[in-house]
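Each ligand, and each atom within it, is numbered from 1 in the order the structure gives. If you're wondering where the values come from, they're calculated on a predicted model, not measured in any experiment. Keep in mind that the numbers below use all heavy atoms, side chains included, and drop hydrogens, waters and symmetry copies.
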Amino acid sequence: MKILLAASEVAPIIKLGGLGDVIGSLPKALEKLGVNADVVVPYFPLAKIENIDIYKSHVIDVEFNGETIPVDVYKAKLPDSNVDVFMLKNDKYFSTGGTNAYAKTISETEMFSFFDSAVVTFIASEFNTYDLVHCNDWHTGLITHLLEDAMGDSRPATLFTIHNLMYQGIGDASIVREVGIVPGEHALIDWDIADGDLNMIQQGVTSADFVNAVSPSYAKEILTPEFGGKLVDILNDRVGRITGIINGIDYKAFPRSYDQNNWQTEKPKIKKRLMEKLNLTYTEDRPIFSFIGRVDPNQKGLDILLEAVPDIVKNGGAFVLLGSGDKIWEVKYQELCNQPELKGKVSITNKFDVELADLIYAGSDFLLIPSKYEPCGLIQIIAMWYGTVPIVHAVGGLKDTVIDHVNGLSFDEYSADALRGSLRSAMELYSSPEDMKEIINTTLIQDFSWTKSAVEYAKLYERIIKSRQ
Ligand code: ADP
């Protein structure tokens, strides 16, 4: 079985968030199962290739917007694996991407519709040897239609994975013409653009042979108006062809200098280093509550968290935030540092910094993930690996991975009060060393590696390929 994963990012070469982590680790796990999985991504200028062997393999000619546009195909290997990563280079279309994970502008949708055209041309250049193309998020939403046009019935099967339904890639209807789709040939597209714009995630969901979401709970949630939004009917039309598979992580990508046997001596040393680095003037026997993630007020629970931060400090804790995104919300958090009673007890860093993230994961006592919705979430899984207790809103993948008072703390209602309830439980836990020790020991032995989920993907691929034969 030969699979091609198409996406906008692949860690560690291009990583903007959890999608990059998934595309950088799932194919390695598939390889161990004997599935031949390649990856194709745009070659953005910020790609980190310092420690990667990379060479130009060939050039493909992509028909786009009435022009023939050359795209250089570079080939690299994912670190510690035999997985081929194909990186598509074009100075016009892929010169600005990769700094913002999601499209808000038409130019980003144009960039990724060009990417989708290039992926289909690339598949043809590989003599159509792929059995299935695994498309990920809106960036890859036009691939199934374009494959149909280019290859008809001999096209590879397609799976479309929803990593985040809220980012849809809404672009101008003219994109359809640019990618060369003839009006009247795809009823699903004609219907979509009747209102003047094209919704790329909708195209992915409606046209792919099969759809999945990144956790069983999220797969169910998106079938309700609250989480499915405008696409709820479209998603419900595909029931029976939508499933949920929880993401795993590649533990090797997260270095850890301790385990179950020595965390009690090692973690406090890292906590001290973290406090020094962030200028937290604080006694070490008080707990650190941290947040790492995109500053996205619509998803990440930043409103209820902002309300709860003063309680953290009032109850004797410190608060650390690492994340960038929405500028208004970055400032709201920075302003916390000006409050005299929070001085030295709150640290806000608005940048993307993997090294600092690792230090925070390891040096904190609790990781806060109060997301309003969370398709899967990797932060809680990474936190557990570092023996840091996650505090989560029980939704989506957070609900599927965190069990209250077993391997973390969770609250059901999305409100600052409910979050405060979990913060109180956290303080109780922290002041009861035996209970705290037990929960940390449990987090450290959780196994969210890809082993199980990769088997589920391999089975799903097989099922989709068979159903098309
Ligand atoms: P999402 O995909 O919604 O951004 P996830 O929880 O699935 O959220 O994954 C986020 C990933 O990005 C994790 O690996 C996390 O450590 C990383 N990350 C997020 N923000 C930062 C940051 N500011 N600096 C370093 N790593 C970050």
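When only interatomic distances are considered, the shortest N/O to N/O separation between L16 and ligand 1 does not fall below 3.5 Å.
Taking the six-membered ring for Trp, H393 and F411 have ring centres closer than 6.0 Å. Aromatic ring centroids of Y167 and W138 lie 6.0 Å or more apart. The six-membered or imidazole ring of F114 lies near that of F94, with a centre-to-centre distance under 6.0 Å.
The NZ atom of K271 lies 7.5 Å from the CG atom of D285; values are rounded to the nearest 0.5 Å.
By heavy-atom distance, the residue among Y373, F352, F254 lying nearest atom 26 (N) of ligand 1 is F352. If you check each of S371, P375, G18, G397 against atom 2 (O) of ligand 1, the one with the closest non-hydrogen atom is G18.
Of the heavy atoms in D353, only backbone atoms (N, CA, C, O) come closer than 4.0 Å to ligand 1. If you look at K351 next to ligand 1, the close heavy atoms, those under 4.0 Å, all belong to the backbone.
When side chains are defined from C-beta on, R420 counts as touching D417, because their heavy atoms get closer than 4.5 Å.
Counting atoms of ligand 1 from 1 in the listed order, those under 4.0 Å from a heavy atom of G377 are 6 (O), 7 (O). The distance from ligand 1 to the heavy atoms of R294 drops below 4.0 Å at these ligand atoms: 1 (P), 3 (O), 4 (O). Listed by atom number, the atoms of ligand 1 under 4.0 Å from K300 heavy atoms are 1 (P), 3 (O), 8 (O). In summary, the atoms of ligand 1 found under 4.0 Å from a heavy atom of D21, numbered by their order in the structure, are 11 (C), 13 (C), 14 (O). Within ligand 1, counting atoms from 1 as listed, the ones closer than 4.0 Å to a heavy atom of I382 are 13 (C), 14 (O). Distances below 4.0 Å separate heavy atoms of G323 from the following atoms of ligand 1: 23 (N). Applying the 4.0 Å criterion to heavy atoms of A357 picks out, from ligand 1, the atoms 25 (C), 26 (N).
For Q380, the heavy-atom gap to ligand 1 stays at 4.0 angstrom or more. In this structure, C376 has no heavy atom closer than 4.0 Å to ligand 1.
At a cut-off of 3.5 Å, with distance as the only test, no side-chain donor of N315 or Y430 sits close to an acceptor on the other residue. H134 and T161 are linked by a side-chain donor-acceptor pair at a separation below 3.5 angstrom, with hydrogens and angles left out of the test.
For the pair K332 and W329, the cation-pi test (distance below 6.0 Å, angle within 45°) is passed.
Ionic pairing of K15 and D21 is present here: one or more N-O contacts between side-chain nitrogen and carboxylate oxygen are shorter than 4.0 angstrom.
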